[in-house]
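Below is one structure, written out as structure tokens, with a few remarks after it.
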Amino acid sequence: MRIATYNVNGVNGRLPVLLRWLEETSPDIICLQELKAPDERFPAAAIEAAGYEAIWHGQKSWNGVAILSRVGTPVETRRGLPDDPDNTQSRYIEAAVNGVLVAGLYLPNGNPRPGPKFDYKLRWFESLVAHAAELVATDMPVVIAGDFNVMPTDRDVYRPERWLDDALFAPEVREAYARLLAQGWTDALRAMHPSETIYTFWDYLRNAYARNAGLRIDHLLLSPALAPRLAAANVDRDVRGWEKSSDHAPVWIELANKPVRASRRKGPKI
DNA sequence: ATGTCACCGTACCGGTGA
């Protein structure tokens with residue numbers, strides 16, 4: 001089973017690209033972020049015609065998250081985090097799909113730092129850490145997927161020294177991500193490619209994609225019950241080069257039906 | 001600051017967020 005995450009940067013403006021990618025790669029479950037559309041403008045008919053059932057949590061202009069599935073109806077378990085610091089921003093949706101609990105999120109960007117947006121990012125992250133602790137305690141197979149707006153380590157940034165003061169790479173934010181992983185989550189991309197340079201985002205500015213001036217900010221985290229089934233993980237990098245592309249590329253994991261990997265040892269691996 | 005892109009309002013561009 002293939003589970004993907006894709007920050008589409010506008011689900012209606014991106015619809016041709018999204019449908020082409022679905023057609024070419026047929027992921028089973030997809031978490032979408034940055035719909036930038038209210039609920040009534042989610043392109044449900046086109047997505048259904050592509051073979052997917054969907055649930056979505058939209059918002060006018062900004063944010064917005066969705067879960068798509070072609071392997072059974074997503075049964076929604078929650079929208080918004082418990083203790084969400086601002087429930088007008090649509091950033092979290094969660095559903096049981098085909099035996100896996102799937103959480104899709106769009107973590108606040110947080111720039112400029114310092115400032116109220118950065119404070120909101122840290123508060124939102126703490127709500128996520130608290131909820132993730134409850135999820136991991138259930139021993140369920142869980143994947144938390146989405147745009148975390150965090151580069152976890154130096155290896156995940158093309159020029160780390162230039163990003164130290166940015167809200168996507170600030171020490172407090174990386175520390176929150178590390179605390180999340182320390183609960184027992186596996187960063188699937190990094191687990192499958194321990195020392196590779198992997199990016200999931202390239203800015204529209206300054207020819208970033210052609211220069212491979214990228215960031216790894218889209219992540220799929222696997223609960224201990226799910227991590228042994230991780231068989232493959234990668235980025236559909238070429239999609240970023242398509243006409244009218246998002247500034248993010250889709251990221252995906254492949255889960256086997258039975259364990260294929262040793263269980264993860266104690267301690268964060270990022 | 002630069003640069004690019006998508007959204008909205010009331011709109012044929014400027015403001016905002018990323």
Practice problem: When you get a sec, tell me which of B:dC5, B:dT2, B:dT16 is the closest nucleotide to the side chain of A:Tyr204? | Solution: B:dC5
Practice problem: Ignoring backbone atoms, test whether A:Lys117 places a side-chain nitrogen or oxygen under 4.0 Å from the OP1 or OP2 oxygen of B:dG17. | Solution: yes
Quiz item: B:dA6, B:dC8, B:dA18: which one has an atom nearest the side-chain heavy atoms of A:Lys60?
Solution: B:dC8
Quiz item: Roughly, in whole Å, what's the span from CG in A:Asn63 to C1' in B:dA6?
Solution: 13 Å
Exercise. For the side chain of A:Asn9, starting at C-beta, report the closest nucleotide among B:dG3, B:dA6, B:dG9.
Key: B:dA6
Quiz item: If you check the A:Arg14 side chain, which of B:dT2, B:dA6, B:dG9 turns out closest?
Solution: B:dA6
Quiz prompt | Candidates B:dG3, B:dA18, B:dA6 - which lies nearest the side chain of A:Lys244 | solution = B:dA6
Quiz prompt | Ionic contact status for A:Glu126 with A:Lys121, cut-off 4.0 Å | solution = no
Quiz item: Considering only side-chain heavy atoms of A:Lys36, which listed nucleotide, B:dG3, B:dA6, B:dA18, is closest?
Solution: B:dA6
Quiz item: Can we say A:Asp187 and A:Arg216 salt-bridge, meaning some charged N sits less than 4.0 Å from an Asp/Glu carboxylate O?
Solution: yes
Practice problem: Report which part of the nucleic acid A:Tyr209 touches: base, sugar-phosphate, or nothing (heavy-atom distance under 4.0 Å, all strands). | Solution: nothing
Practice problem: From the options B:dC8, B:dG3, B:dA18, select the nucleotide whose nearest atom is closest to the side chain of A:Arg41. | Solution: B:dC8
